[in-house]
Structures are given as structure tokens and as C-alpha cells.
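In what follows, a structure is listed as C-alpha cells, so that the remarks can point back to it.
Computation of the quantities below employed the complete heavy-atom set of this structure, encompassing side-chain atoms and omitting hydrogens, waters and symmetry-equivalent molecules. Note that the structure is a prediction, hence the values are computed from the model and not measured. For this chain, numbers begin at 1 and follow the sequence in order.
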Amino acid sequence: MPTFIFYTLEGHTEAPDGRRVENCQLLGEACGGDASLALANLLDENPWIVEHGFSVGKGEIIARELSDTKRHLL
């Protein structure tokens, strides 16, 4: 079953120097038969995504299928 990562253009983060940085927010990864099913799994497993106000409607979250699920710590 394919694995996808999900991210959004909503939100921002804080740089180590305290400044606000507009960037993408990585929401997580999940498996599913396709991106839509994997997103449903992600949202089921991570209720904080909706609870913290991220938009989850059509076209709001970006999915990328991973070609390799190995994790490399760099």
C-alpha cells in the first residue's frame, strides 16, 4: 500500500532567532490505496489537524507519494 506525506501552505513557524517564517507545514504521513484514502487515514489518526484549525477541504492539503519509505537521519 502506498505511503503519502501531507502538507499545507497554511500557517507559519518561528525561526530560532524568534522571527516569523511563512512556510509549508508538514502534517504527517499515512498509507492508503490512493491519496484520498491515505488522507482519510491521516485525519482519523491525527485529530489535532482539524482541532488546530487546518483546512481539510478539497484542494487545501497537498499529498506526495513516497517512492521509498526508508528514513535517513542526517
Side-chain angles (χ1 to χ4, degrees):
M1 191 172 312
T3 300
F4 296 84
I5 60 168
F6 296 91
Y7 62 98
T8 181
L9 302 177
E10 292 181 298
H12 65 275
T13 191
E14 186 175 301
D17 66 4
R19 289 188 290 171
R20 179 179 170 144
V21 177
E22 299 293 331
N23 59 5
C24 298
Q25 303 299 312
L26 181 63
L27 300 174
E29 66 178 52
C31 296
D34 61 25
S36 294
L37 294 171
L39 176 59
N41 291 335
L42 178 78
L43 296 174
D44 284 344
E45 296 168 7
N46 297 279
W48 65 266
I49 294 171
V50 173
E51 290 168 3
H52 283 71
F54 287 100
S55 299
V56 296
K58 187 171 177 67
E60 299 290 340
I61 295 178
I62 302 159
R64 299 278 182 184
E65 186 174 352
L66 299 176
S67 62
D68 183 349
T69 58
K70 286 186 209 171
R71 293 182 183 211
H72 305 274
L73 299 176
L74 304 172

Discussion item. Could you tell me if the side chain of I61 sits less than 4.5 Å from the side chain of L39, heavy atoms only?
Written reply: yes

Response to the item:
Shortest non-hydrogen pair, A15 vs V21, comes out as CB-CG2, 3.7 Å

Fill in: Residue pair L9 / C24: nearest heavy atoms and the distance that separates them
CD2-SG, 3.4 Å

Worksheet item: Less than 4.5 Å apart, any side-chain heavy atom of Y7 and any of N23?
Response: no

Worksheet item: Under a single-linkage definition using a 4.5 Å side-chain heavy-atom cutoff for Ile, Leu, Val, Met, Phe, Trp and Tyr, are L66 and L26 assigned to the same hydrophobic cluster?
Response: yes

Item to complete: Kindly compute the distance separating CD (Q25) from NE2 (H52), expressed to the nearest 0.5 Å.
Response: 12.0 Å

Response to the item:
dist E45:CD -> L42:CG (nearest 0.5 Å) comes out at 7.0 Å

Response to the item:
Looking only at heavy atoms, the pair that brings G33 and P2 closest together is O-CG, 4.0 Å

Worksheet entry | Minimal non-hydrogen separation, A38 against A30, with atom names | O-CB, 3.4 Å

Fill in: Rounded distance [0.5 Å steps], CD1 in I5 versus CD in E65
11.0 Å

Worksheet item: Taking all non-hydrogen atoms of both residues, which atom of T3 and which atom of C31 are closest, and how far apart?
Response: OG1-SG, 3.3 Å

Fill in: Approximate separation, where rounding is to 0.5 Å, of R20 CZ and E14 CD
10.5 Å

Item to complete: Supply the atom-to-atom distance L27 CG to I62 CD1, rounded to the nearest 0.5 angstrom.
Response: 9.5 Å

Item to complete: Evaluate the side-chain contact (heavy atoms from CB on, under 4.5 Å) criterion for residues F4 and L37: first the C-alpha distance (whole Å), next the side-chain angles of each, then the deciding distance (0.1 Å), finally the verdict.
Response: CA-CA 10 Å; F4 296 84; L37 294 171; over 6 Å; no

Worksheet item: Nearest heavy-atom pair of G53 and E10: which atoms, and what distance?
Response: O-OE2, 4.4 Å

